[in-house]
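What follows is a set of notes on a single structure, which appears directly below.
Numbers for residues simply follow the sequence, beginning at 1. Counting starts at 1 for both ligands and their atoms, following the listed order.
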Amino acid sequence: MPAPTCASCHAARAALRRPRSGQALCGTCFCAAFEAEVLHTVLAGRLLPPGAVVAVGASGGKDSTVLAHVLRELAPRLGVSLRLVAVDEGIGGYRDAALAAVQRQAARWELPLTIVAYADLFGGWTMDAVARSTAGSGRSRACCTFCGVLRRRALEEGARLVGATHIVTGHNADDMAETVLMNFLRGDTGRLARGGGLGSPGEGGALPRCRPLQFASQKEVVLYAHFRRLDYFSEECVYAPEAFRGYARDLLK
Ligand code: SF4
């Protein structure tokens with residue numbers, strides 16, 4: 001059976017059925033709709049005011065790659081300028097390849113890139129050193145908890161270094177659902193009560209943070225990267241199999 005005609009342009013053949021709506025669209029119309037929805041998220045939430053200098057937390061993975069690409073498309077309409085900020089956690093056999101992907105993106109998109117390293121910021125500590133020091137102590141499963149705290153701090157430092165006024169991260173709707181479930185399973189009522197917004201307004205002197213892809217599903221992020229032919233790094237961090245997040249992800253399948 002031939003593919004149906006795109007429900008938006010009524011000219012091209014549909015290339016996908018949108019997971020969120022069931023609408024059959026061609027790749028071009030899907031990407032345009034995806035970008036329009038991110039624009040709506042940013043404008044309706046008043047996340048990035050005109051004139052903002054936006055630090056994009058860039059990991060080389062699909063989410064931050066899609067976020068940087070979409071914001072680059074939207075930047076003239078939003079009146080913002082972008083800086084890529086990548087964090088080198090010091091994870092052998094993983095982060096070097098991911099950072100190489102960020103460097104290729106920065107060169108292709110002509111965006112300034114700054115890389116900040118845990119080793120420089122935290123007295124020589126890398127994630128590999130943290131993992132070694134916690135191995136066998138029962139805390140090694142918590143690598144990602146340590147890493148999450150350090151990365152938040154490192155991204156803040158990197159953003160300040162480049163003169164950013166705002167920070168954006170590539171968390172998508174699936175990430176948000178996993179976070180809610182993780183906090184529920186841990187009984188962390190404080191985080192459950194704080195979560196759910198589009199970001200944080202910058203309390204305690206921190207820069208405002210937001211998640212423009214928060215309403216986009218993982219499937220649609222992957223589809224956008226596919227149709228825009230984005231080059232991203234897709235291998236998993238060596239510590240990810242131990243992460244509690246993986247447990248929450250499995251429960252949501
Ligand atoms: Fe850090 Fe865990 Fe992510 Fe690896 S999987 S980069 S250790 S948070």
Checklist entry - Rounded to the nearest 0.5 Å, how far apart are CZ of Arg77 and CG of Leu43? => result 8.5 Å
Checklist entry - Which of parallel (below 30°), tilted (30 to 60°) and perpendicular (above 60°) describes Phe34 and Phe30? => result tilted
Checklist entry - So does Arg160 have more than 12 non-hydrogen atoms from other groups sitting under 6.0 Å from CZ? => result yes
Checklist entry - Which bit of Glu236 is near ligand 1, meaning a heavy atom under 4.0 Å away: side chain, backbone, both or neither? => result neither
Item to check | Donor on one side chain, acceptor on other, Gln105 and Tyr232, under 3.5 Å | outcome: no
Checklist entry - Do any of the N/O/S atoms of Cys144, backbone or side chain, fall under 2.8 Å from atom 2 (Fe) of ligand 1? => result yes
Next on the checklist: At less than 4.0 angstrom from any non-hydrogen atom of Cys237, what atoms of ligand 1 do you find?
Outcome noted: 4 (Fe), 5 (S), 6 (S), 7 (S)
Checklist entry - Counting backbone and side chain alike, does Cys143 bring an N/O/S atom below 2.8 Å of atom 4 (Fe) of ligand 1? => result no
